[in-house]
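Okay, structure first, notes after.
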2 protein chains.
Amino acid sequence: MSEALELVSATKSFGGWLKRYRHQSRTLGCEMIFAIYLPPQAQDGTVPLLWWLSGLTCTDENFMQKAGAHRVAAELGMAIVCPDTSPRGTELPGEDESYDFGSGAGFYINATREPWSRHYHMYDYVTRELPELVQANFPLNGQESISGHSMGGHGAFICALKNPGRYASVSAFAPIANPVNCPWGEKAFSGYLGEDRDQWKNWDTVELIRAHGFDQGLLVDQGDADNFLKDGQLRPEALEEACAAAGVQLTLRLQPGYDHSYFFIATFIEDHLRYHARHLGV
Amino acid sequence: MSEALELVSATKSFGGWLKRYRHQSRTLGCEMIFAIYLPPQAQDGTVPLLWWLSGLTCTDENFMQKAGAHRVAAELGMAIVCPDTSPRGTELPGEDESYDFGSGAGFYINATREPWSRHYHMYDYVTRELPELVQANFPLNGQESISGHSMGGHGAFICALKNPGRYASVSAFAPIANPVNCPWGEKAFSGYLGEDRDQWKNWDTVELIRAHGFDQGLLVDQGDADNFLKDGQLRPEALEEACAAAGVQLTLRLQPGYDHSYFFIATFIEDHLRYHARHLGV
């Protein structure tokens, strides 16, 4: 175990262990906490890893506490890592003023606009620094898949689209599929990237699919009673159109009656875990 | 639906519905919120009911969000009701001063000492008022079982022991089995009941078993890494001794490595739900 990792807590769950660690992130320039679920199989060998990226306001804890994922991960022999959703305690002005910008709202992109560019490089953190750290410190076999919810569904998709073939599979729950064309994304991208909308396209699922296509499939569950769907924040219709035009294989399941909550995620997480397990060869 | 019930939220989960209601409790003299999970089977007929009593600091929400119980309840066709853990907003002096007395810490007993006796009648609330209310308003078949965690495990046991045969089955996770002999119980019972320790025995699992026995079985899971076990708050050894002396059938499973958290509950809740389902005839 690297001295850079400080154990915050260790809790037995479904025969495996949920562990939370604190570390100093060189990418983000602040102290960060992440959570890892290690299934029982990790006691005797290496296991594949699912990245879970959470949505606005979340920390490393929400998914681990509410998704009911440990049961299936323990059965399948799959580790899960939940990063936090933004740098923390950076003391940038306005950092804690709104739920959809700054703390808890890093959007998994690399900010280029001052002062956010000093710390807000969540893309580099979740695709480079944290993967190196967990690979070096836990019994992982190097195989990775990625999933997430809402802002984290957007995060999972842009990580996969910008790194074709890196993740064995990618899925999302109610992703913000087209942030350049929704209120959440417009606010975040103008703050983190500035007003040049061409730059925004590098961090938008629909635009990345239009520009580069994607050889792997995309699995999406979306509740049809999701208020943020109605508010135009998620735009699965734009995702559908872009995938159809680019020949990308999209499985988009509209789930009747479900909203944007963790109860929706809990209901369908088992399907996603088994989907990733098939692609990870477990 | 009774006009006395005001819907707070309705969330689809595993094909059923989690609903939260607000109502004016005549027993407690304050407004209360409770949660009910209605499985898909409740749309076409009546279903049995599991009462879940939560522990210190909890509301109606903790179990519903963290235990992962909806999946199995939906499969089995079992409703679950989670009451809150105390009266709320009574404005009694000291109500919100500590986590283990007053708000969030009603201990499922009927207080006899002023000023708590004005509101703190959680035993009558969970065994009389709330059962009548849910039976009158939801498609329940009248069959009930009961379970709970920590203070709620104590609550489940005293409800069952004081009403033999009423609940088809009773179980608990890390119950406070002998509150008259632990710091939590001594603080709560002296506050709610006064200094006459003979009165306390009416609300203590071990003492009730000693005095009256019990013809039904008791199922208990207890983590052996539970800090509150080490601190002497739970006393399963006293429960074991009392059951052995009274010929009560106790299944006490010490679970290695597990603590007092909802991850422990989530790991073993499926076993408990299937146990209750067998006794409820589903």
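Reminder, nothing fancy here: chain letters follow the sequence lines and each chain counts from 1.
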Does any heavy atom of chain B fall under 4.5 Å from the side chain of A/Glu270, the backbone, both, or neither of them?
side chain
A/Gln65, A/His70, A/Gln255: which one forms the most heavy-atom pairs within less than 4.5 Å of chain B?
A/Gln65
Among B/Phe264, B/Phe268, B/Tyr262, B/Phe263, who wins on heavy-atom pairs under 4.5 Å with chain A?
B/Phe263
Correct closest heavy-atom pair for B/Thr267 and A/Phe14 would be OG1-N, 2.9 Å
Which value, rounded to the nearest 0.5 Å, describes the distance between A/Tyr258 atom OH and B/Ser13 atom OG?
6.5 Å
Interatomic spacing from CG in B/Asp224 to NZ in A/Lys12 - rounded to 0.5 Å:
8.0 Å
